[in-house]
Amino acid sequence: MEFDLENPLENLHSDAVSYLFLIESDHTLSQNHSHTLKARDLDISVRRELVSLIAKLSCTLDPALSYLATNYLDRFLASQGISQPKSWVLRLIAVSCISLAVKMMRTECPDVQDILNQSDGGIIFETQTVGRMEALILGALQWRMRSITPFSFIPFFIALMGLQGSPTGRVLKNRASEIIFMSQREIRVWEFKPSMIAASALLCASHELFPFQYPSFLKAITESSYESVEQCYKVIQDIAIEEEYESALNGVSRSDTPINVLDHHFLSSESEKTNGITVADSPLRQERDLKRRKITPCGNNPTIHNS
């Protein structure tokens, strides 16, 4: 059966969501490992290089495949670690994680082997070599290939908000998915369960896109809960703000041409009049605007659970 991040279980039944909540901890990196990695710069740099390699090698494939491959990578690193981070070893690990994700998702890509064997330094791995590394990764993951991720809980929370099948629900799901994708780069989210990340991403997306409806969405989640998402929400929102800030900086740098410089004063004036964000807006002002939009739901003690 083809693996789907939203439906990781082979046999879905009426208690599927409750079962997901029950077993999600088995697919969550331990908080101790997160703290250990943060204290070791070498491990952080190795992980960063591996994530970059996976993103590069799978850039033409489904983003969900890249997410799954990185999920396998993080679980492998948490269990196994890398004693000798040589460049060819890192590349072999990245290729093997992608290969496993391709097999799990049964991605139809005629050129997948060409993608997996991309090389900047002439390194092309034989099938047997990749197979041995795959076996090592599978052992470290205890053959739990149907990863429970935040995407597994998105439909549950969308339904909890009363938005199942609605245009608003689809918009929220798309934006929350973007936030989840980019949050995977951060080891700060490792200490949180997938369900907490999913709820936090949806709350962040709803506050960003539908601020007037946000209180009702927050209430729907907090009234059906047992576990606080306050800390996770803050982390996810910080990641979203940082992404917006980086995008603003990139946009300004790309538009910094002589013509745009000449138009800068006029565009800035128009931006002030409309109180909107344009290419000419100051990145720092954009950051301040975003931070003003931040809210701290601590007073309501946001929590989640399976109801």
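Treat the numbers as computed from the prediction; the structure is a model and nothing was measured.
Within the model, atoms CG of L50 and CG of L73 stand 5.0 Å from one another, a figure rounded to the nearest 0.5 Å. The distance from the CE atom of M145 to the CG atom of L138 is 5.0 Å, given to the nearest 0.5 Å. The distance from atom CG of L141 to atom CZ of R144, rounded to the nearest 0.5 Å, is 9.0 Å. Atoms CD1 and CH2, on I93 and W88 in that order, are 9.0 Å from each other to the nearest 0.5 Å. Here the CD1-CG distance, from I221 to L203, works out to 4.0 Å after rounding to the nearest 0.5 Å. Atom CG of residue L100 and atom CG of residue L65 lie 10.5 Å apart, to the nearest 0.5 angstrom.
Between F153 and I148, the closest side-chain pair of non-hydrogen atoms falls below 4.5 Å. A heavy-atom distance below 4.5 Å is not found between the side chains of T70 and R185. Using a 4.5 Å cut-off on side-chain heavy atoms (C-beta onward), I239 and V189 make contact. In this structure, the side chains of I197 and P194 stay at 4.5 Å or more apart for every pair of heavy atoms.
A donor-acceptor contact shorter than 3.5 Å links the side chain of S166 to the backbone of G169. Within the 3.5 Å criterion, the main-chain N or O of P63 finds no donor-acceptor partner in the side chain of S66. With hydrogens and angles ignored, the 3.5 Å screen pairs a side-chain donor or acceptor of S96 with a backbone N or O of L92.
The shortest non-hydrogen separation linking N71 to Q184 is N-NE2, 3.4 Å. Taking all atoms of both residues into account, the shortest heavy-atom contact from Y72 to C97 is CD1-O, 4.0 Å. Of all non-hydrogen atoms in R188 and D238, the two that sit nearest each other are NH1-CB, 4.3 Å. Minimum heavy-atom separation, L202 to L172: CD2-O, 3.9 Å. Residues P150 and A198 approach most closely at O-CB, 3.3 Å, considering heavy atoms. Nearest heavy atom pair, residue A240 against residue C204, reads CB-SG, 3.9 Å.
Residues that satisfy the side-chain hydrogen bond (donor to acceptor under 3.5 Å, both in side chains) test with Q231, not counting sequence neighbours, are absent from this structure. Residues that satisfy the side-chain hydrogen bond (donor to acceptor under 3.5 Å, both in side chains) test with E49, not counting sequence neighbours, are absent from this structure. Residues satisfying the side-chain hydrogen bond (donor to acceptor under 3.5 Å, both in side chains) test with E134, not counting sequence neighbours, are S99, K103.
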Which donor-acceptor pairs under 3.5 Å do side chains of residues 155-163 form with protein atoms, sequence neighbours excluded?
none

What pairs of donor and acceptor atoms, side-chain ones from residues 174-183 against any protein atom, are under 3.5 angstrom apart with sequence neighbours left out?
unit_1: N174; atom_1: ND2; unit_2: R170; atom_2: O; d: 3.3
unit_1: R175; atom_1: NE; unit_2: E208; atom_2: OE1; d: 3.4
unit_1: R175; atom_1: NE; unit_2: E208; atom_2: OE2; d: 3.0
unit_1: R175; atom_1: NH1; unit_2: E178; atom_2: OE1; d: 2.9
unit_1: R175; atom_1: NH2; unit_2: E208; atom_2: OE1; d: 3.3
unit_1: R175; atom_1: NH2; unit_2: E244; atom_2: OE2; d: 3.4
unit_1: S177; atom_1: OG; unit_2: K173; atom_2: O; d: 2.7
unit_1: S183; atom_1: OG; unit_2: I179; atom_2: O; d: 3.3
unit_1: S183; atom_1: OG; unit_2: I180; atom_2: O; d: 2.8

Could you walk me through whether R75 and S147 pass side-chain contact (heavy atoms from CB on, under 4.5 Å), step by step? CA-CA 10 Å; R75 291 169 56 200; S147 297; 2.7 Å; yes
Next on the checklist: As a quick check of understanding, evaluate side-chain contact (heavy atoms from CB on, under 4.5 Å) for V171 and F210, giving each step before the final call.
Outcome noted: CA-CA 10 Å; V171 171; F210 306 103; 4.0 Å; yes
Residue pair Y19, L22: steps toward the side-chain contact (heavy atoms from CB on, under 4.5 Å) verdict = CA-CA 5 Å; Y19 184 63; L22 182 65; 4.2 Å; yes
Please determine whether side-chain contact (heavy atoms from CB on, under 4.5 Å) holds for the pair F192 and V229, giving the CA-CA distance in whole Å, both sets of side-chain angles, and the decisive distance to 0.1 Å. CA-CA 9 Å; F192 304 114; V229 295; over 6 Å; no
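Under the salt bridge (Lys or Arg N to Asp or Glu O under 4.0 Å) criterion, no residue pair touches residues 63-73, with sequence neighbours excluded.
Ring geometry for H207 against Y214 counts as perpendicular: the plane angle is over 60°, on a 0 to 90° scale with 30° as the lower cut.
More than 12 heavy atoms of other shown residues, nucleotides or ligands fall within 6.0 angstrom of atom CD in E186.
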